[in-house]
Amino acid sequence: MSVASIRAYTMVRGGYDPHALDWWQHVMLETVLCVCTVGVSSLCSFVAHSQARLVVGSKLLNSEMAAMRALLLLVCDVVIELDEELRVADDSPKTAAFLTLNPKTSIKGKPLQEY
């Protein structure tokens with residue numbers, strides 16, 4: 001329908017309404033709104049699932065690290081965990097006693113090359 005036919009239709013119905021839409025425009029508007037709603041819902045669902053996967057993956061990694069540390073402590077006298085700069089990552093009295101002969105000395109953050 002053209003703009004002229006919309007004006008004629010609304011004038012017949014009892015007055016001119018510049019905001020009146022014909023049925024085809026209503027259908028198109030509803031379709032666009034439905035597609036947008038489904039798109040936003042899908043995006044929100046994807047983000048929620050991604051965050052859940054990250055949380056579960058992080059917890060799994062932490063439990064694997066704890067299991068690996070426990071296994072190493074069974075086999076080895078001392079376990080030293082290093083960060084990416086080869087600095088001691090955790091403070092353990094057993095490790096400190098092994099490296100410095102003083103278990104009260106903090107070794108966290110110190111480079112491994114110092115020992």
Side-chain angles (χ1 to χ4, degrees):
M1 289 184 121
S2 67
V3 174
S5 63
I6 293 173
R7 286 183 186 152
Y9 175 73
T10 56
M11 287 167 119
V12 171
R13 291 186 61 207
Y16 175 68
D17 184 7
H19 302 293
L21 300 175
D22 65 346
W23 70 273
W24 180 249
Q25 289 172 326
H26 279 293
V27 169
M28 291 303 294
L29 180 64
E30 290 294 325
T31 303
V32 168
L33 289 175
C34 180
V35 168
C36 289
T37 302
V38 168
V40 168
S41 297
S42 297
L43 181 65
C44 290
S45 175
F46 176 75
V47 168
H49 285 292
S50 296
Q51 286 180 343
R53 266 188 245 122
L54 287 175
V55 168
V56 169
S58 174
K59 288 182 180 180
L60 181 63
L61 183 62
N62 286 340
S63 66
E64 286 178 358
M65 290 279 293
M68 183 174 54
R69 177 177 281 163
L71 183 63
L72 282 172
L73 285 172
L74 286 174
V75 177
C76 304
D77 291 333
V78 175
V79 176
I80 302 173
E81 184 178 344
L82 304 174
D83 62 8
E84 60 274 355
E85 296 174 355
L86 297 179
R87 295 179 180 271
V88 179
D90 61 343
D91 209 5
S92 159
K94 190 174 181 181
T95 306
F98 181 78
L99 293 176
T100 64
L101 302 176
N102 185 1
K104 295 182 181 183
T105 304
S106 176
I107 60 169
K108 185 176 182 177
K110 293 187 179 179
L112 185 64
Q113 290 84 3
E114 282 186 14
Y115 305 100

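All residue numbers refer to positions in the sequence shown, counting from 1.
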Please walk me through it: do Gln113 and Leu86 pass side-chain contact (heavy atoms from CB on, under 4.5 Å)?
CA-CA 8 Å; Gln113 290 84 3; Leu86 297 179; 3.9 Å; yes
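- In terms of the salt bridge (charged side-chain N to carboxylate O under 4.0 Å, His left out) criterion, Asp83 has no residue partners (sequence neighbours excluded).
- To the nearest 0.5 Å, atom NE2 of residue His49 and atom SG of residue Cys44 are 11.0 Å apart.
- In terms of the side chain to side chain contact (heavy atoms under 4.5 Å, CB included) criterion, residue partners of Ser50 (sequence neighbours excluded) are, by chain and number, Phe46, Arg53.
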What pairs of donor and acceptor atoms, side-chain ones from residues 27-43 against any protein atom, are under 3.5 angstrom apart with sequence neighbours left out?
from, atom 1, to, atom 2, distance (Å)
Thr31, OG1, Val27, O, 2.7
Thr37, OG1, Leu33, O, 2.8
Ser41, OG, Thr37, O, 2.9
Ser42, OG, Val38, O, 2.9

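- Applying the side chain to side chain contact (heavy atoms under 4.5 Å, CB included) criterion to Glu64, with sequence neighbours excluded, gives Leu60, Leu61.
- Note on Ile80 and Leu72: separate hydrophobic clusters, where clusters join Ile, Leu, Val, Met, Phe, Trp and Tyr whose side-chain heavy atoms are under 4.5 Å apart, directly or indirectly.
- A heavy-atom distance below 4.5 Å is not found between the side chains of Leu82 and Arg87.
- Hydrophobic cluster membership is shared by Met65 and Leu73, with clusters built from Ile, Leu, Val, Met, Phe, Trp and Tyr side chains linked at under 4.5 angstrom.
- With sequence neighbours excluded, no residue satisfies side chain to side chain contact (heavy atoms under 4.5 Å, CB included) with Leu54.
- The closest donor-acceptor contact from the side chain of Lys94 to the backbone of Asp77 lies under 3.5 Å.
- Evaluation of the side chain to side chain contact (heavy atoms under 4.5 Å, CB included) rule for Leu71 yields no partner, not counting sequence neighbours.
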